[in-house]
Amino acid sequence: MQSSISNNFLSTGIPGEFSRSYNQMSRGAILNSAVEANNIVGRVVLTVDGNDFEVGVAADGNFAGVLISPKTAIRQTLEAQAFVSNDIQVEVAESGYLFVSLTAAAKNGDFVYFSDTDGSLATAAPATTAPAGHSRLPGGLVKGLNVSGAGTGEIYFDMTGSVAKTA
């Protein structure tokens, strides 16, 4: 019989993976970003103008979703890889509950924003101003647990959701 607790921390998930099975949608695409080092799972990708099948971080088109499925990305070598290579097929989430990397502390109900230059995710309370250089993740809200600092958190978003910058 266990007499004490040795681990007070629960793991929260892997960025880029769905956290719940409810309302998840994704599609395949070819990844093509101007800066390949920004191809990090859990970041926002946009469509590439002139190509119906390509998406990229900070591309020139419309919101396409969030880069997901870190375990399926093709690696060129067996070495550790900090980003996903261009010109390979990837999965892009269009809605659902996701584990992601957040740049700072966040509370349940905070709005989620993405950087227009590198696709990283930031948050802000609904009644505050959006972070500079960021756009609202459609329907994006922090869900699950509060996050005390930069790190893994859970969000919900839906491509058909609101992009209003405040409540």
Side-chain angles (χ1 to χ4, degrees), residues 9-20 22-27 29 31-49 54-70 73 81-86 90-167:
F9 303 99
L10 295 174
S11 60
T12 56
I14 298 171
E17 292 196 341
F18 287 109
S19 59
R20 305 177 196 194
Y22 174 74
N23 193 28
Q24 52 180 264
M25 290 185 354
S26 66
R27 70 178 181 98
L31 188 59
N32 185 6
S33 299
V35 179
E36 191 175 56
N38 286 334
N39 293 344
I40 297 173
V41 174
R43 291 198 178 177
V44 167
V45 291
L46 306 175
T47 58
V48 174
D49 274 349
E54 290 187 354
V55 298
V57 175
D60 52 5
N62 298 314
F63 177 82
V66 178
L67 185 59
I68 62 168
S69 298
Q81 190 170 331
F83 55 86
V84 180
S85 302
N86 274 337
V90 294
E91 282 291 309
V92 177
E94 295 180 334
S95 71
Y97 289 87
L98 288 175
F99 289 118
V100 295
S101 294
L102 298 173
T103 58
K107 293 184 179 180
N108 267 312
D110 283 356
F111 285 175
V112 181
Y113 298 87
F114 64 92
S115 167
D116 298 327
T117 56
D118 70 7
S120 61
L121 300 177
T123 63
T128 60
T129 305
H134 286 69
S135 297
R136 175 88 193 276
L137 185 68
L141 294 171
V142 174
K143 292 292 186 179
L145 302 173
N146 295 326
V147 180
S148 60
T152 303
E154 183 184 21
I155 66 166
Y156 174 79
F157 83 102
D158 188 329
M159 286 185 70
T160 62
S162 172
V163 292
K165 296 185 192 277
T166 58

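Since this is a predicted model, take the numbers as computed values, not measurements.
Atoms CG and CG, from Asn62 and Asp49 in turn, are 7.0 Å apart once rounded to the nearest 0.5 Å. Expressed to the nearest 0.5 Å, how far CG of Asn32 lies from OG of Ser85 amounts to 12.0 Å. Atom CD of Glu91 is separated from atom CD of Glu17 by 12.0 Å, given to the nearest 0.5 angstrom. Here the CZ-OG distance, from Phe18 to Ser95, works out to 7.0 Å after rounding to the nearest 0.5 Å. Atom NZ of Lys143 sits about 11.5 Å away from atom CD1 of Ile155, to the nearest 0.5 Å. Taken to the nearest 0.5 Å, the OG atom of Ser115 stands 8.0 Å off from the CZ atom of Arg43.
When all heavy atoms are compared, the tightest approach of Ala64 to Val55 is CB-CG1, 3.7 Å. Closest approach of Ala58 and Thr117 over heavy atoms only: CB-O, 3.4 Å. When all heavy atoms are compared, the tightest approach of Val142 to Ala106 is CG2-CB, 3.9 Å. The two residues Gly16 and Pro70 have their closest heavy-atom pair at O-CD, 3.6 Å. Residues His134 and Asp116 come closest through the heavy atom pair N-OD2, 3.7 Å. Considering every non-hydrogen atom in both Thr47 and Ala59, the closest pair reads O-CB, 3.4 Å.
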Determine, step by step, whether Val41 and Val84 satisfy the side chain to side chain contact (heavy atoms under 4.5 Å, CB included) criterion, reporting the C-alpha distance in whole Å, the side-chain angles of both residues, the deciding distance to 0.1 Å, and the verdict. CA-CA 7 Å; Val41 174; Val84 180; 3.9 Å; yes
Steps toward side chain to side chain contact (heavy atoms under 4.5 Å, CB included) verdict (Val57, Asn39): CA-CA 6 Å; Val57 175; Asn39 293 344; 3.8 Å; yes
Glu154 vs Tyr97, side chain to side chain contact (heavy atoms under 4.5 Å, CB included): CA-CA, chis, key distance, verdict: CA-CA 7 Å; Glu154 183 184 21; Tyr97 289 87; 3.8 Å; yes
Stepwise side chain to side chain contact (heavy atoms under 4.5 Å, CB included) test for Leu137 and Val66: CA-CA 9 Å; Leu137 185 68; Val66 178; 4.3 Å; yes
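At distances below 3.5 Å, at least one donor-acceptor pair connects side-chain atoms of Asn146 with backbone N or O atoms of Asn108. Looking only at distances, a side-chain donor or acceptor of Asn86 sits under 3.5 Å from a matching main-chain atom of Ser33. Checking side-chain atoms of Asp158 against main-chain N and O of Gly139 turns up no donor-acceptor pair under 3.5 Å.
The side-chain heavy atoms of Ser26 and Val92, taken from C-beta on, include no pair separated by under 4.5 Å. Using a 4.5 Å heavy-atom cutoff, the side chains of Leu67 and Ile40 are not in contact. Residues Val100 and Leu102 have side chains in contact (heavy-atom distance under 4.5 Å, counting atoms from C-beta outward). Residues Phe111 and Leu141 are in side-chain contact: their nearest non-hydrogen atoms beyond the backbone lie under 4.5 Å apart.
Classified by interplanar angle (parallel below 30°, tilted 30° to 60°, perpendicular above 60°), the ring pair Phe157/Phe63 is perpendicular.
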